[in-house]
Amino acid sequence: ENVIGGGGGAANIIAFNARDGVRVDGADALRNNIFGNSIHDNAGKGIENINGGNTELAPPVVMAAGSASGTACYPCLIAVYSDSADEGRVFDGAATTSPAGTWTFSGAVTGPNITATATDGFGNTSEFSAPFSLPATPTPSPSPTPTATVTATPTAPSTEPVDLAG
């Protein structure tokens, strides 16, 4: 049993590893609660559960963003993250699953990708979900810039003689 991260400022930065950020390996490696950390830019997976580690709990599925939502095990705590790839750089917050296995997180997410983990009632945390991309914000078309139009203004003819000889 281990707790890696948590609320109240207990989160860790787990980044730039040559392999996985966190690896839970073996059928005896259970109840490893990985919550609220900043996990990003690892060469392998952000969280890797193998050989029965953390019961190889299935990750949640993220089906929408804005108000992030999806499906997961019940009863599970869902941790929602924003990342530029497929890990969890920014912890956005948490939601719980309904008896039907659905969840909704109504807090703000920054993206560009949303990922999530599920933690069951025994403290086993899943790997990160597949990333869900936020819809691209349309770039506004540039406004036309007004250009000056030159209009010739007629002048009255001169009554003075013009000296062309210099």
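The figures here come from the full heavy-atom set of this structure, side chains too, leaving out hydrogens, waters and symmetry mates.
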* To do: Compare every heavy atom of Asn49 with every heavy atom of Thr125, then report the nearest pair and how far apart it is.
  => O-ND2, 2.9 Å
* Who are the side chain to side chain contact (heavy atoms under 4.5 Å, CB included) partners of Thr104, not counting sequence neighbours? -> Ser67, Ser69
* Hey, are the side chains of Val24 and Ile34 touching, using non-hydrogen atoms and a 4.5 Å cut-off? -> yes
* Look only at the side chain of Asn37 and the backbone of Ile4, and say whether a donor-acceptor pair between them is shorter than 3.5 Å. => yes
* **The single option from Val62, Leu77, Thr96, Val61 passing side-chain contact (heavy atoms from CB on, under 4.5 Å) against Trp103** => Val62
* **All pairs passing ring-ring contact (aromatic ring centres under 6.0 Å, His included) where residues 48-102 contributes a residue, at least two apart** => Phe35-Phe91, Tyr81-Phe91, Tyr81-Phe128
* **NZ/NE/NH1/NH2 to OD/OE distance under 4.0 Å, Arg89 and Asp41** => yes
* To do: Measure from the side-chain N and O atoms of Ser82 to the backbone N and O of Val90, and report whether any donor-acceptor pair falls under 3.5 Å.
  => no
* Please name the pair of heavy atoms, one in Pro60 and one in Ser129, separated by the smallest distance, quoted to 0.1 Å. => O-CB, 3.0 Å
* To do: Could you tell me whether a side-chain N or O of Asn124 sits under 3.5 Å from a main-chain N or O of Leu30, the two making a donor and an acceptor?
  => no
* Donor-acceptor contact below 3.5 Å, side chain Asp120 vs main chain Gly123 -> yes
* To do: Indicate yes or no: at least one non-hydrogen side-chain atom of Thr117 is less than 4.5 angstrom from one of Ser126.
  => yes
* Structure fact -> Looking only at heavy atoms, the pair that brings Glu87 and Ile39 closest together is CB-O, 3.2 Å
* To do: Quick one: closest heavy-atom pair of Leu57 and Cys73, and the distance?
  => CD1-SG, 4.0 Å
* Any luck finding a side-chain donor-acceptor pair between Asp83 and Asn113 under 3.5 Å? -> no
* Is a donor on one side and an acceptor on the other found under 3.5 Å between the side chain of Asn54 and the backbone of Asn32? -> yes
